[in-house]
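Below is one structure; the comments refer to it alone.
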Number of protein chains: 2
Amino acid sequence: MELPPNVLSQSCASRRYLALVASKWSLLVINALDDGPARNSFLMRKVGGISQKILTQTLRDLAAASLVSREDHGTLPPHVTYRLTPLGQSFRREVRSLIAWVEGNMPALRGAEPDQH
Amino acid sequence: MELPPNVLSQSCASRRYLALVASKWSLLVINALDDGPARNSFLMRKVGGISQKILTQTLRDLAAASLVSREDHGTLPPHVTYRLTPLGQSFRREVRSLIAWVEGNMPALRGAEPDQH
DNA sequence: AACAGTACGCACTTTTTGGTGCCTATGAAC
DNA sequence: GTTCATAGGCACCAAAAAGTGCGTACTGTT
């Protein structure tokens, strides 16, 4: 008896994955990993405004969801690279599409500034 | 001299729109508006776990970005309906695709539970 | 020998987000 | 005539997310 996943249901696990996967920073990090494996410091420079802490946390969460893989070369000074897994590459297509939509619809979205709460 | 929008740049306005549009609640509300115009109380029931306050706020933000339109019939007791604008319907396609991806990849995402911070 | 770069972990503070209860004004049902 | 439903607004509080600064252990550069 398998219920189909349904994000509108509070108890469905898909809800948590959606939140993880569609968070602001996750989207940006996945987008930044487009061009292949990257190191922490490179991603820091590429994703404007992200902090070290958030970057690490985001990468860790994405790795836990099998969207990125972490390779620690075990050297000192540390050398660690991150790359999209095949699952991550599949998701990247969604991300690209979403971001392209936003970037492409800027004129339509503009004009009504989002409220500051 | 128009720079193309680039979400990876901290100062680009597209960043703010991405955050608005890809927030957890926005995605769910847009998804819930799939079937046409809906009233507040209907959306409350449909989107499991959303509070009155967040629903109102989300709808207000989406309306400010021209993704949904708010129609107040001005009667008492109040009767207000929300519907996707054409822009919102265009975006809904992205949302559907994203949600379908998450729901369809649950097995792959499962297994590594996202960390609780 | 002093210093920057590397990829974090940890503790602390600030900011943002979300939850709760109470209020409105009216008509309709009981 | 009391109660309910309607679509919120508003104030207050709790919880979650994010920012900041410090430390680490070593290497290569100056």
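Every value quoted in this text rests on a predicted model; they were computed, and no experiment measured them. Within every chain, numbering begins at 1; the chains are lettered A, B, ... in the order of the sequence lines, protein sequences first and strands thereafter.
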Euclidean distance, atom [atom1] of residue [X] to atom [atom2] of [N] [Å, nearest integer]:
X       : N      : atom1 : atom2 : answer
B/His73 : C/dG27 : NE2   : P     : 18 Å
A/Leu55 : D/dT20 : CG    : C1'   : 16 Å
A/Ile54 : C/dT15 : CD1   : P     : 15 Å
B/Glu71 : D/dA7  : CD    : C1'   : 15 Å

For the residue pair [X] and [Y], what are the closest heavy atoms and their distance?
X        : Y        : result
A/Cys12  : A/Pro5   : SG-CA, 3.8 Å
A/Leu109 : B/Tyr17  : O-OH, 3.5 Å
A/Gly104 : A/Pro107 : O-CD, 3.9 Å
B/Asp35  : B/Lys46  : OD2-NZ, 2.8 Å

Give every pair of a protein N or O atom and an N or O atom of nucleotides 28-30 of chain C that lie under 3.5 Å apart, one pair per line with the distance.
none

Item to check | B/Asn40 vs B/Val80 side-chain heavy atoms within contact, under 4.5 Å | outcome: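 They are not in side-chain contact.
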Checklist entry - Quick one: does B/Ser69's side chain get under 4.5 Å of B/Thr85's, heavy atoms only? => result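 Result yes, sub-4.5 Å side-chain heavy-atom pair found.
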Next on the checklist: If the condition is ring pair (Phe, Tyr, Trp, His ring centres under 6.0 Å), which residues does B/Trp101 pass it with, not counting sequence neighbours?
Outcome noted: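 Once residues adjacent in sequence are excluded, the partners of B/Trp101 under the ring pair (Phe, Tyr, Trp, His ring centres under 6.0 Å) criterion are A/Phe91.
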Next on the checklist: Does a side-chain N or O of A/Ser51 approach OP1 or OP2 of D/dA18 to a distance below 4.0 Å, or not?
Outcome noted: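 No, because none of the side-chain N or O atoms of A/Ser51 sits under 4.0 Å from OP1 or OP2 of D/dA18.
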Next on the checklist: So, does B/Trp25 get its side chain near the phosphate of C/dG18, meaning an N or O under 4.0 Å from OP1 or OP2?
Outcome noted: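 So the side-chain polar atoms of B/Trp25 do come within 4.0 Å of the phosphate oxygens OP1 or OP2 of C/dG18, strictly under.
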Next on the checklist: Nearest 0.5 Å, please: how far is CD1 in A/Ile30 from CG in A/Leu59?
Outcome noted: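 Output value for this atom pair is 10.0 Å.
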Item to check | Polar side-chain atom of B/Arg92 near backbone of B/Asn31 as donor-acceptor pair, under 3.5 Å | outcome: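 Not at all, since once roles are kept as given, no pair shorter than 3.5 Å links the two residues.
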Next on the checklist: Taking the nucleotide of DNA chain C with the nearest heavy atom to each, does A/Leu59 or B/Lys24 sit closer to the 5' end?
Outcome noted: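 Closest to the 5' end, via its nearest nucleotide, is A/Leu59.
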Using a cutoff of under 3.5 Å, can you pull out all pairs of nitrogen or oxygen atoms linking the protein to nucleotides 3-7 of chain C, with atom names and distances?
from, atom 1, to, atom 2, distance (Å)
C/dT6, O3', A/Arg39, NH2, 2.9
C/dT6, O3', A/Pro78, O, 3.2
C/dA7, OP1, A/Arg39, NE, 2.7
C/dA7, OP1, A/Arg39, NH2, 2.9
C/dA7, OP2, A/Ser41, N, 3.3
C/dA7, OP2, A/Ser41, OG, 3.3

Checklist entry - Through what angle, rounded to 10 degrees, does the axis of the helix from C/dA1-D/dT30 to C/dC30-D/dG1 turn between its ends, using five pairs per end? => result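 Nearest ten degrees gives 10° for this helix.
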Checklist entry - Looking at residues at least two apart in the chain, or sitting in another chain, which of them share a salt bridge (charged side-chain N to carboxylate O under 4.0 Å, His left out) with A/Arg93? => result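 None.
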Next on the checklist: Going by ring-ring contact (aromatic ring centres under 6.0 Å, His included), name the pairs with one or both residues in residues 52-74 of chain A, residues two or more places apart or in two chains.
Outcome noted: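 Passing the test, one end in residues 52-74 of chain A: A/His73-A/His79.
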